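Written out below as structure tokens is the structure these notes cover.
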Amino acid sequence: MVVAEIEAAQTHDLRRRVLRDGRSENLAFPEDDRPGAFHLGVRQTPAGPLLAVASFSPEETPYRPGRSAVRLRGMATEGACQGRGIGRRLVEEATRRLRTDGFEVLWANGRDGALGFYRRLGFEIVGDGFLAGPDGDIPHHVVLLDL
Ligand SMILES: CC(C)(COP(=O)(O)OP(=O)(O)OC[C@H]1O[C@@H](n2cnc3c(N)ncnc32)[C@H](O)[C@@H]1OP(=O)(O)O)[C@@H](O)C(=O)NCCC(=O)NCCS
């Protein structure tokens with residue numbers, strides 16, 4: 001597996017299919033082009049198709065006031081490839097890079113259906129549940145990893 005930095009637009013196909021049920025609305029996030037934002041993709045081989053994507057942008061969280069924090073958005077692994085360690089590989093590469101850059105916290109609004117994934121990677125689940133997502137109806141919790 002190869003983890004590489006990709007352009008924001010290269011995340012859209014997996015965002016649409018995995019996170020938007022095939023719909024093309026809200027594929028671009030306002031955070032995508034923030035200073036310091038970056039996007040990672042995982043491929044089986046350097047020229048192969050993207051199997052997982054996620055996006056990272058500096059943003060503080062009230063759960064760790066004053067700490068330099070990065071928000072993870074758009075975590076998506078190709079449906080047929082889920083459960084093979086690809087998402088883990090991507091997040092571990094991101095945390096390695098963020099630690100090197102001196103960031104202290106990685107956090108996300110995690111869908112409740114994915115909380116087990118974040119827990120396995122060492123994230124804590126903090127605060128009360130809330131509804132979010134493109135139609136505002138998907139249960140979420142904040143998940144947070146002290147780097
Ligand atoms: C959640 C998601 C990104 C995980 O990616 P993945 O590539 O399937 O995850 P991995 O195979 O790397 O899993 C890593 C670990 O988490 C566990 N895990 C993965 N998804 C899980 C889930 N939904 N519930 C419980 N555990 C889960 C795996 O068993 C594995 O455990 P291990 O390393 O101890 O064996 C992927 O399933 C996905 O795209 N889901 C649909 C979209 C989604 O919900 N995205 C997250 C939005 S916040």
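Source: prediction; values computed, not measured. Numbering of ligands and ligand atoms starts at 1, following listing order.
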Is any heavy atom of the protein nearer than 4.0 Å to atom 25 (C) of ligand 1?
yes
I want to confirm something. Looking only at heavy atoms, which of Gly113, Gly110, Ala108, Ala132 is nearest to atom 22 (C) of ligand 1?
Gly113
In ligand 1, the atoms that come under 4.0 Å of a heavy atom of Gly83 are 6 (P), 8 (O), 11 (O)
Taking non-hydrogen atoms only, is Arg84 closer than 4.0 angstrom to ligand 1 via side chain, backbone, both or neither?
backbone
Using a strict 4.0 Å cut-off to heavy atoms of Ala114, name the atoms of ligand 1 that fall inside it.
1 (C), 44 (O), 46 (C)
Test side chain to side chain contact (heavy atoms under 4.5 Å, CB included), reference Met1, set Arg89, Arg43, Glu93, Arg84, output is Arg89
Polar atom proximity, Leu121 to ligand 1 (N or O, under 3.5 Å):
no
If only side-chain N and O atoms count, and only distance matters, is there a donor-acceptor pair under 3.5 Å linking Ser55 with His39?
yes
Hey, does Tyr118 come in under 3.5 Å of ligand 1, counting only N/O atoms on both sides?
no
Centre of Phe29's six-membered ring, under 6.0 Å away, within 45 degrees of the axis: is that where NZ or CZ of Arg15 sits?
yes
Please report whether ligand 1 has a polar contact with Arg111, defined as an N or O pair separated by less than 3.5 Å (distance criterion only).
no
Closest heavy-atom approach to atom 43 (C) of ligand 1 among Leu19, Val53, Leu51 is made by Leu19
N/O donor-acceptor pair under 3.5 Å between Glu5 side chain and Leu40 backbone
no
Check: Arg89 N/O within less than 3.5 Å of ligand 1 N/O
no
Should the pair Asp135-Arg20 be classified as a salt bridge under the 4.0 Å nitrogen-to-oxygen rule?
no
Any N/O of Asn109 closer than 3.5 Å to an N/O of ligand 1?
no
If I apply the N/O under 3.5 Å rule, does Met75 come out as touching ligand 1?
yes
Taking only residues two or more places apart in sequence or in another chain, which ones pass side-chain contact (heavy atoms from CB on, under 4.5 Å) with Pro139?
Asp112, Leu131
Can a protein heavy atom be found under 4.0 Å away from atom 28 (C) of ligand 1?
no
So the atoms of ligand 1 within less than 4.0 Å of a heavy atom of Ala76 turn out to be 39 (O)
Best match, Thr77, Leu90, Val91: closest heavy atom to atom 5 (O) of ligand 1:
Thr77
Interfacing atoms of ligand 1 (cut-off 4.0 Å, heavy-atom, Gly85):
10 (P), 11 (O), 12 (O)
Would you say atom 35 (O) of ligand 1 makes contact with the protein, given that contact here means a non-hydrogen protein atom less than 4.0 Å away?
no
All N/O donor-acceptor pairs, side-chain side in residues 58-66, below 3.5 Å, sequence neighbours left out:
unit_1, atom_1, unit_2, atom_2, d
Glu59, OE1, Arg34, NH1, 2.9
Glu59, OE1, Arg34, NH2, 3.3
Thr61, OG1, Tyr63, N, 3.1
Arg64, NE, Asp146, OD1, 2.9
Arg64, NH2, Glu124, OE2, 3.0
Arg64, NH2, Asp146, OD2, 3.0

